[in-house]
Amino acid sequence: MSVKYREFSQLNLPSIEQEILAKWDAEQAFEKSIEVREGAEPFVFYEGPPSANGMPGIHHVISRTLKDLVCRYKTMKGFKVSRKGGWDTHGLPIELGVEKELGITKEDIGVKISVEEYNRKCREAVLRYKDKWDDITKKMGYWVDLNDPYITFKNEYIETLWWLLKQLYNKGLLYQSVSIQPYSPAAGTGLSSHELNQPGTYKDVKDTSAVAMFKAVKNERSQFLFDAAKSEEVFFLAWTTTPWTLPSNLGLTVGPNIDYVLVKTFNPYSGKPCAVVLAKALLHKYFPEHLDEFEEGGSLYEAINNWFNHDSDEFLIGNSAELKVAFDAQIKKKQLPYKIVASFKGTDIEECRYEQLMAYEANKETGGDSFRVITGDFVTTEDGTGIVHTAPAFGADDYKVGKKFGIGILTMVDREGKFVDGLGEFSNRYVKNYKDDPNYEDVNVDISVKLKKENRAFKVEKYEHSYPHCWRTDKPVLYYPLDAWFIKTTEIKDRMVELNKTINWKPKSTGEGRFGNWLENMVDWNLSRSRFWGTPLPVWRTEDGSEEICIGTIEELKAEAEKADKALGTNNARLTGNDLDLHKPYVDEYVLVSNSGKPMKRVPDLIDVWFDSGAMPYAQWGLDYEKVKKGEKYPFKLPAGVEKFEDLYPASFICEGVDQTRGWFYTLHSIASLVYDSVAYKTVVSNGLVLDKAGNKMSKRLGNVVDPFETIGKFGADATRWYLITNASPWDNLKFDIEGIKEVQRKFFGTLYNTYQFFALYANVDGFHFAEPDIPLEERPEIDRWILSSLHTLVKDVNAAMDDYEPTQAGRLIEEFVDEHLSNWYVRLCRRRFWKGEYEQDKISAYQTLYECIETVVRLMAPVSPFFSDAVFRNLNEATKHFDSQSVHHVDFPVANEAYIDKALEERMQLAQDASSLVLSLRKKVNIKVRQPLQKVMIPVLSASMKEQFMKVEDIIKSEVNVKEIEYLTPDNSFIKKKIKPNFVALGKKLGPKMKAVSAALAQFTQEQINQFEKETVYNLLIDNETVPLYLTDVEILSEDVPGWMVTNKGAVTVALDVTITPELLNEGNAREIVNRIQKIRKESGFELTDRIAVEVSDNETLSPSITQFKSYICAEILADDLDLVPGLSNGTDVEVNDITIKINVSKKGG
RNA sequence: AGAUCCGUAGCUCAGCCUGGUUAGAGCACUACACUGAUAAUGUAGGGGUCAGCAGUUCAAAUCUGCUCGGGUCUACCA
């Protein structure tokens, strides 16, 4: 039984992957990877459902690679990792897609197309690209169960959502209220934040803004203002960019800790004296810092100053025509004379009252205790006056603060965007030009003019700001109170913050910053959506809203439906058959009956699709009626082989793009917190975006989208995955560049491939099958022990990185090992061991060592690059049967054996590498090729342990750089020149400020001083007339030079090379050259590695002595039985050795 | 506007948490070498105001603050 290691014909990752894919299919490798862990501790993974109505992009490949590699890793670590796929099927993008396809808009639904038909189209559209998704999933090697995915539009799924909603309803956490939402009067519909975030919706527009004057009512609370002003009129200044909201004004909000001032001044339009309140910080927005041309001591100055201090509003200037002219000029220049007469905090004017600014018939009744000064944290002093005009109907902040203080609500604008009746001259006018009326006159201007005339405007100007517009009509949006259903997340905000602290966020900052911050500023979750294709809210109500029911299951719906049929004679029965559908329009046809016998209809709302996905931990399994009836905590179906829901919940790990922070991550977290007082996931990885190579976001519009099918087809999933993972941390944005994949393919996979091919080539020749028992570590040569030590260090580090969800680090470590250690040092130095000599201990040790390295590496990289690792693993394992497993994905992840790790050994190999590299660079400098042997290298060693370290790797250095001997120069040797420099870390702490002087003094040390220091181990340095004792640990002494030799150094390693070529050395060099030429001929002639040859060489006076002297060496190297010098040899190949041309004739023996 | 990440060689990234005096890799470029791993490999070279400014310190790419630039999310608010 001699199974050979399969050799690859070439490194073609895509074709290797196809082969492996076929095997996985045939062997059911994925299913088996879960089976082999049956009974093991579960590692719970949740798949964030993608929406299959768009094509998969390369950015999907990165997050799915992360998901996959963690799951594969955990599987190899012995966990049972079930992976149920899922599809997100509701939501606006799907509706928009269908509308685009049909060429219709929302208005057409119910007119040109029935809701039924529309929803049927949506249902068809949602899985349009499912095939493509399945295909990319398979091709990229993402192991997830696609046979039984959860689909959010299915009745079972929706039913579970209903059940969850009912839990919230029963806890009193689901309520209806008004909310201030973006609303497009032109389109007559509310807009979602998604719609508001469409490109181009925010436009810079110039609006008429006004600072209005709200007249304070004199009472106990405000008395101090009137006293300070010595006036009968005091005004609060408040700014608005939407004057049309002024008739709906009900309050003025100030910042509790903001400083305000009361200023005595004049109205800039009427010139009338007045006293106004505004934030101190914004004073100079309205009043000049210097009153130029308002001379001190002038008569106008006197008059106004007099007025400032006067205790009545009587206008002093009016008596003098001359002063009046000067005053008018002053006002016209907007150089308002003013005087601060009081300073106070926002809290000091809280609860002051003011007169309604624009009182009409329609806004008489306000439904609250209106026209008060209230406080809110959202007030800033960046703009306006620091006093916020508050119209609760038209701003989310306004609404919130208004509700808190009970100031009522007025909605003086109807849904078409025009003022209601009863607002005098403004009644029925559009607040913006919603109808494209060419004669539209801006009502905001008219309001401002009116305020000016009434002495109630302090400043009116055009103000440019960015304002949202409806993406469909291009008309400005307004914020408008609409009925909506909410989940009272704010009630458990503190608990959610607390639970969040137990979640392991990668990276940490997203959890603490972005997510933590979001939780801190949480508002109630607005569930309502006015759409057609989505999960309906399961609440039925009587017409007057006095009675309602929340339905939790299909059974409950059926029972209620039947009850209604009996009580009201309705025909619900037609809906409850087998084709029952919980979507619109069917669900809206149910009429249920209230306790008092009244009919109830479903409220029109659909729910936020984020609830769909956030509920997937529960809804993916569906409800188990038995458990529902028993009132179990987790009444969900369980898949085969799972005993309890706790084995499926919460997730050990989830992973999505960082854009899901306030999406899926949030909704999972809130539903789990609300319903189960639990986290939904213990670890969450949020990956960054994939940008194009210039750092731009990929978008269809820019045409810089990378097609994952093409990339994977061309370079392979493994190279793509490896590139995505190792190039940047998952949470950093990735600049995707095809060149990077090519590099990974060439450098990493190419090297590993070469290493394997090399191994297979010789192992097949020697018939190595790992049949022999493991050679004990201590019997293996130094270099074997070294690579094994490095390997186990690697295993340890990779385990640590993977456990910490740092696959980038893990991948980079593996790369470095394969390139630097395994290929570039171990294999290169050990090549001869594989093709020279008999099949005995040293050779077997080499095979065993290299085998272990390759096998371990492929197991380490299997999570990231599942295909190639499996291909190599299979090739190895088929020959050795090391593991009783077909696939690398069914075996355990390597565990480091500490006994193999020898840090001193790794260190000295580093010394050997450094020393070799230095000698090679010296050879290069003097142009002596490595094949030419040299006599001696001298290495200064600064300590006994350093010498010992070097001696252990001496042979390696000698053969690597082709020198005969190494001589060590000890510190007492006067031959080397030393250099001393401070040990900054140690000395810095000790000396502090004297550091600089000591450093300078050390630089001046002579060889004698250094030697003296070394001998006495202490040196008293005189710095600034102060003795500073230095010890050897305070400094570093390095050898710098060996006079008369070729010297170079790197760090602590210095080498000196004897470059003399003696005739003996030259002969040996020549012999090696000849070996080299003959090997070349062998190869060109296409001989087998094992073929024996006979060689004839033309006699030459320079080279023949070399050949004669090293004949046996040459013969051994080239597998020659005969080597003859033939004078005047005529046939054979011309070969040049050190500028001499000779002829060589090589013939195969026995052939 | 707020939060957050990022800014180091032409490009992609280490180093920063824990401050220490020649700031590293790979790619690309240039030159040379090697040729029984060969669609490989080695050696050498050029290439850096560590985004900028200020501070802390004997010492700052590293710690602090601010500014600028880029990305993302949230908001758009009088």
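This is a predicted model, so every value here is computed, not measured. Within every chain, numbering begins at 1; the chains are lettered A, B, ... in the order of the sequence lines, protein sequences first and strands thereafter.
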Go ahead and write out RNA chain B as dot-bracket, 5' to 3': ( ) for pairs within the strand, [ ] for ones crossing earlier pairs, | when the partner sits on another strand, dots for unpaired; Watson-Crick or G-U wobble, both distances under 3.5 Å.
(((((((..((((......[...)))).(((((.......))))).....(((((..]....))))))))))))....

Assert yes or no for the condition that the ring centre distance of Tyr756(A) to Phe8(A) is strictly below 6.0 Å.
yes

Ring pair (Phe, Tyr, Trp, His ring centres under 6.0 Å) for Trp505(A) and Phe665(A)? Distances and angles first, verdict last.
CA-CA 11 Å; Trp505(A) 279 85; Phe665(A) 297 159; 5.7 Å; yes

Is Asn754(A) close enough to A40(B) that one of its side-chain N or O atoms is under 4.0 Å from OP1 or OP2 there?
no

Side-chain atoms of Arg831(A) come closest, of A37(B), G20(B), U12(B), to A37(B)

Strictly below 4.0 Å, N to O, side chains only: are Arg832(A) and Glu1117(A) in salt-bridge contact?
yes

Select base, sugar-phosphate, or nothing to describe what Asn1076(A) touches, counting heavy atoms under 4.0 Å on all strands.
sugar-phosphate

Rounded interatomic separation in angstrom, taking NZ from Lys742(A) and C1' from A39(B):
14 Å

Under the ring pair (Phe, Tyr, Trp, His ring centres under 6.0 Å) test against Phe394(A), which residue among Tyr399(A), Tyr183(A), Trp244(A) passes?
Trp244(A)

Do Tyr847(A) and Phe834(A) have their ring centres less than 6.0 Å from each other?
yes

Can you measure Phe984(A) atom CZ to A60(B) atom C1' for me and round it to whole angstrom units?
14 Å

Looking at Lys981(A), does any N or O in its side chain come under 4.0 Å of the phosphate oxygens OP1/OP2 on U22(B)?
yes

As a test of reading the structure: which of G20(B), G26(B), C13(B) is closest to the side chain of Arg812(A), going by heavy atoms?
C13(B)

NZ (Lys400(A)) with more than 12 external heavy atoms under 6.0 Å:
no

Taking the P atom of each, how far is A61(B) from G20(B), in whole Å?
10 Å

Taking for each residue the nucleotide of RNA chain B bearing the nearest heavy atom, is the 5' side occupied by Asp397(A) or by Leu987(A)?
Leu987(A)

With a 6.0 Å cut-off on the ring centroids, do Phe736(A) and His59(A) count as close?
no

Closest of G20(B), A37(B), C77(B) to the Val827(A) side chain is A37(B)

Readout for nucleotides 41-46 of chain B: B = base within 4.0 Å of protein heavy atom, S = sugar-phosphate only, - = neither; 5' to 3' it is SSSS--

So, Trp731(A) and C5(B): ring centres less than 5.5 Å apart, planes less than 30° off, yes or no?
no

Could you check which residues of residues 388-395 of chain A get a heavy atom under 4.0 Å from RNA chain B? Sort them by number, please.
Val388(A), His389(A)

Using whole Å, what does the distance between atom P of nucleotide C34(B) and atom CZ of Arg832(A) come to?
18 Å

Without decimals, in angstroms, what is the distance between Trp664(A) CH2 and U72(B) C1'?
20 Å

